[in-house]
Amino acid sequence: MCGRFTLTRNLDAIADTFGTGIAPGLSDHEPRYNIAPTEEAPVVIAAPGGRRAGPMRWGLVPAWAKDVRIGARLINARSETVGTRNAFRESFLARRCLVPADGFYEWEARHAEGPGGKPRVRKQPYWIHRPGAGLFAMAGIWALWSSGPDSRLATFSVLTRDAPDPIRWLHDRVPVILPEDGWTDWLARGTPPEALGDILGSADPPELQLHPVSRAVNRAGYDAPDCIREATPG
DNA sequence: CCAGACGTTGTT
DNA sequence: GTCTGG
DNA sequence: CCAGACGTTGTT
DNA sequence: GTCTGG
């Protein structure tokens, strides 16, 4: 499921929606139409002076990891089990975050014929977003990893849940999207684990729309407005 | 006890 | 670091 | 998530 | 087919 997402709004809009200050590393954020695993994105956490948005790498690297490469496999965490998994539990209990987004992608495998009648699969991407393409908060967890005495890397993972009916035909999992009234408790250090489960379990997904887009988005590293432009599939 | 994994998705 | 499997 | 690689030796 | 990188 959530293997790509968009964040086309500028920093002012993010700061405004999430009530954050901006960490130094974010001052140059440009609209993003194709954020892929291992890339950096702005993430909101609770800080002493209030919420703060700072850059983190997508794909959680636990503190005990010997190698950053584990992060490429830890881009999603199932909300149903995130509290019990070795790789996620500590982050779930102590380091939760909001991942600002205004859309994400899912793919439909279309079976077609290639040259010589050979079967091949065309992967048709769909952009999924709120009506009006407003910002929303994906539930996330994060970790700090040290590769040496002076180098620290902040990484995050996006929580998932069963897809709601309007999306299910396309995909059975979606990111957990937290309503604004759950943000503070989700981010707070002191929220008890039971309450966290309630927040995740009661998070009704917002109304979502989807439409097919150019297969240009399939290529990680291609990041331009036509990633979200409506395309005729097939 | 030690060694090795630590995760999700989708597809059939 | 902590859990699971052998 | 998708796309692209998947490997080593030795030579320049 | 499966793993890695983005």
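To find a chain, count down the sequence lines: A is the first, B the second, and so on, and within it residues start at 1. If you're wondering where the values come from, they're calculated on a predicted model, not measured in any experiment.
Relative to the side chain of T160(A), the nucleotides dG6(E), dC3(C), dT9(B) differ in distance, and dT9(B) lies closest. With distances taken from any side-chain atom of D172(A) to the nucleotides dG6(E), dG10(B), dC6(B), the minimum falls on dG10(B). Across dG10(B), dG6(E), dT8(B), the shortest atom-to-atom separation from the side chain of F88(A) is found for dT8(B). Taking the side chain of R219(A) as heavy atoms from C-beta on, and the options dG4(D), dC1(D), dT12(B), the nearest nucleotide is dG4(D).
One interatomic measurement links the two molecules: CZ of R173(A) to P of dG7(B), which rounds to 15 Å at whole-angstrom precision. Between I75(A) atom CD1 and dG5(E) atom P the separation is 15 Å, expressed in whole Å. One can place CZ of R4(A) at 5 Å from C1' of dC2(D), the figure rounded to the nearest angstrom. Look at CH2 on W64(A): it is 12 Å from P on dC3(C), rounded to the nearest Å. Rounded to whole angstrom, the span from the CG atom of L74(A) across to the C1' atom of dT4(E) amounts to 14 Å. For the pair R215(A) CZ and dC2(D) C1', the interatomic distance rounds to 12 Å; values are reported in whole Å. Atoms CZ (F156(A)) and C1' (dG7(B)) sit 16 Å apart, rounded to a whole Å. Distance CD1 (I141(A)) to C1' (dC6(B)): 12 Å, rounded to an integer number of Å.
Here T81(A) reaches the OP1 or OP2 of dT8(B): one of its side-chain N or O atoms lies under 4.0 Å away. Look at R85(A) and you won't find any side-chain N or O under 4.0 angstrom from OP1 or OP2 of dA5(B). The phosphate of dT9(B) has neither OP1 nor OP2 within less than 4.0 Å of any side-chain N or O from N76(A). Between R78(A) and dT9(B) there is a side-chain polar atom (N or O) within less than 4.0 angstrom of OP1 or OP2.
Nucleotides dT11(B) and dA3(D) are separated by 13 Å at their P atoms, to the nearest Å. Taking the C1' atom of each, dG10(D) and dC1(B) are spaced 46 Å apart, rounded to whole Å. Of the P atoms belonging to dC3(C) and dT9(B), the separation is 23 Å, rounded to the nearest Å. Atom C1' of dT8(B) sits at a distance of 15 Å from the matching atom of dC2(D), rounded to the whole Å. Here the separation of dG6(E) from dG7(B), taken at their P atoms, is 24 Å to the nearest Å.
Distance OG1/T20(A) to CG/L11(A): 8.0 Å, rounded to 0.5 Å.
Using the Watson-Crick or G-U wobble rule with both distances under 3.5 Å, dG4(D) pairs with dC3(E).
Salt bridge present: R95(A) and E90(A) bring a charged side-chain N and a carboxylate O closer than 4.0 Å. Classification of R130(A) and D102(A) as a salt-bridged pair fails, no side-chain N sitting under 4.0 Å from a carboxylate O.
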Could you walk me through whether R51(A) and T184(A) pass the side-chain hydrogen bond (donor to acceptor under 3.5 Å, both in side chains) check?
CA-CA 9 Å; R51(A) 293 179 193 157; T184(A) 296; 2.9 Å; yes

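Across all strands shown, F5(A) has no heavy atoms under 4.0 Å from either base or sugar-phosphate atoms. When heavy atoms are screened at a 4.0 angstrom cut-off, R73(A) is found touching base atoms of the nucleic acid. Residue A87(A) is classed as a sugar-phosphate contact, given heavy-atom separations below 4.0 Å to backbone atoms only. Within 4.0 Å (heavy atoms only), L60(A) reaches no atom of the nucleic acid at all. Across all strands shown, A109(A) has heavy atoms under 4.0 Å from sugar-phosphate atoms exclusively, and none from any base.
Using bins of under 30°, 30° to 60° and over 60° for the plane-to-plane angle, the ring pair Y126(A)/W169(A) lands in the perpendicular bin.
Counting only heavy atoms from C-beta outward, the side chains of L200(A) and S79(A) approach each other to under 4.5 Å.
Side-chain rings of W127(A) and F104(A) stay apart, their centers remaining 6.0 Å or farther from each other.
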